[in-house]
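Residue numbering restarts at 1 for every chain, and letters A, B, ... go by the order of the sequence lines. Computed from heavy atoms alone, side chains included, the values below leave out hydrogens, waters and symmetry copies.
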Protein chains: 2
Amino acid sequence: MIADAIGVTKAAVYHQYNTKDEIVLAAAQAELERVDAVVRAAEAEPTRAQARRTLVTGMVDLAVAHRRTVSTVLNDPVIVRFFAEHESFRPVMDRMSRVLMGDGTGHEARVSTAMLTAAISGTVMHPLVVGLDDDVLRSQLQRLAERILPAMNTKPKQSHSATRS
Amino acid sequence: MIADAIGVTKAAVYHQYNTKDEIVLAAAQAELERVDAVVRAAEAEPTRAQARRTLVTGMVDLAVAHRRTVSTVLNDPVIVRFFAEHESFRPVMDRMSRVLMGDGTGHEARVSTAMLTAAISGTVMHPLVVGLDDDVLRSQLQRLAERILPAMNTKPKQSHSATRS
DNA sequence: GTCTATATATAGATAGAC
DNA sequence: GTCTATCTATATATAGAC
């Protein structure tokens with residue numbers, strides 16, 4: 001498919017990459033780096049609440065801008081399994097979950113985090129929104145994601161910066 | 001794969017089904033009927049609010065009880081495309097969306113409906129919840145789904161049964 | 001870097017024997 | 001209903017020429 005799409009033979013493609021896995025990894029690399037950038041920006045925030053908001057905003061932006069790719073990477077069973085086996089991907093996803101979950105490791109934190117991730121990545125390719133303008137989809141998604149977010153703080157965080165205001 | 005799994009040759013399988021499509025349809029039939037039952041139960045409710053609640057409860061129960069199947073049917077790009085082409089499936093999904101959206105056809109209704117569907121089906125196979133007990137997952141999912149639900153009534157419904165109470 | 005040619009495995013399917 | 005045998009197309013490569 002790739003060879004046909006770029007108008008060369010398969011042998012030419014296999015001169016640039018040795019295996020199919022290498023091709024998939026290379027194709028996913030750009031996307032992975034974008035996610036990593038969002039996660040790093042979130043990790044740099046001073047409070048967990050801000051980190052979460054930065055992460056959600058960034059992921060919504062990413063998901064809307066690259067609807068098909070994000071959806072595939074997070075939902076396609078073949079790709080999901082591929083990345084579960086190929087090291088480079090999981091650490092980024094783990095850090096992303098870590099930002100959302102904070103110190104929580106219980107049921108509520110896990111399910112809310114899973115749901116938020118699934119909701120963002122799954123919505124952008126849903127038949128009901130495929131025709132929607134990017135800006136509209138982004139703002140609506142953002143608004144809805146914020147409805148799930150508070151559910152993640154069962155104990156409303158009385159940490160280091162609680163003295164303020 | 002199927003022939004190997006049940007210990008016969010491919011020819012034996014192709015004696016029972018003429019094409020691959022027939023096999024996929026047969027495998028999905030049971031799942032489609034379960035979804036249809038939930039949608040019918042919801043449609044039978046007297047008010048839209050009740051219909052929505054019945055639908056969400058039913059879909060959460062279904063998704064948790066059949067995590068892998070539901071997730072595949074709604075997220076696997078190959079299967080999704082397959083059903084988009086094969087008639088029998090879409091009407092049920094359309095009715096499901098109809099129950100959730102009510103009379104709304106705007107952006108908000110579309111995105112909330114898409115998000116609710118994606119959230120339920122996507123959460124149940126997320127790495128963070130694969131180990132979770134069915135009962136725990138079900139109750140948490142239910143709780144979170146109810147946070148998205150109210151977002152779908154932008155205008156808080158002053159319809160036929162509004163005189164009551 | 002790209003080509004032709006070839007190799008191997010697998011999916012999807014059909015023909016005809018038992 | 002299940003088997004053996006065969007066919008066609010495709011994915012995943014590798015070898016060696018230009």
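A heavy-atom distance below 4.5 Å is not found between the side chains of A/Val80 and A/Asn75. Using a 4.5 Å heavy-atom threshold, the side chains of A/Asp103 and A/Arg48 count as touching.
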Worksheet item: Under the side-chain contact (heavy atoms from CB on, under 4.5 Å) criterion, do B/Gln140 and A/Met115 qualify, and how do the steps go?
Response: CA-CA 10 Å; B/Gln140 292 295 329; A/Met115 192 176 190; over 6 Å; no

Item to complete: Quick one: do B/Thr113 and A/Val129 satisfy side-chain contact (heavy atoms from CB on, under 4.5 Å)? Show the steps, please.
Response: CA-CA 9 Å; B/Thr113 301; A/Val129 308; over 6 Å; no

Discussion item. Set out, in order, the CA-CA distance, both residues' side-chain angles and the distance that settles side chain to side chain donor-acceptor pair (under 3.5 Å) for A/Arg53 and A/Gln50, then state yes or no.
Written reply: CA-CA 5 Å; A/Arg53 257 182 283 117; A/Gln50 270 187 275; 5.9 Å; no

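Using a 4.0 Å cut-off between charged nitrogen and carboxylate oxygen, A/Glu43 and A/Arg40 do not count as a salt-bridge pair.
Among B/Thr123, B/Leu62, B/Val124, the one residue that satisfies the side-chain contact (heavy atoms from CB on, under 4.5 Å) test with B/Arg67 is B/Val124.
A/Glu22 meets the salt bridge (Lys or Arg N to Asp or Glu O under 4.0 Å) test with no other residue; sequence neighbours excluded.
Within residues 9-18 of chain B, the residues approaching DNA chain D are B/Thr9, B/Ala11, B/Ala12, B/His15, B/Gln16, by heavy-atom distance under 4.0 Å. Annotation: proximity of residues 81-89 of chain B to DNA chain D (heavy atom, distance under 4.0 Å) is found for no residue. Non-hydrogen atoms lying under 4.0 Å from DNA chain C are contributed by nothing in residues 21-32 of chain B.
Taking the 5' to 3' direction, DNA chain D first and last meets chain B under 4.0 angstrom from a heavy atom at D/dG1 to D/dT4.
Using a distance-only test at 3.5 Å, with no hydrogens or angles considered, no donor-acceptor pair links the side chain of A/Arg147 to the main chain of B/Ile148. With hydrogens and angles disregarded, a donor-acceptor distance shorter than 3.5 Å links the side chain of A/Arg110 to the backbone of B/Leu128.
Residue pairs meeting the ring pair (Phe, Tyr, Trp, His ring centres under 6.0 Å) criterion with at least one partner in residues 2-28 of chain B, sequence neighbours excluded, are absent.
Within a 6.0 Å radius of NE2 in B/His107, other residues, nucleotides and ligands contribute 12 heavy atoms or fewer.
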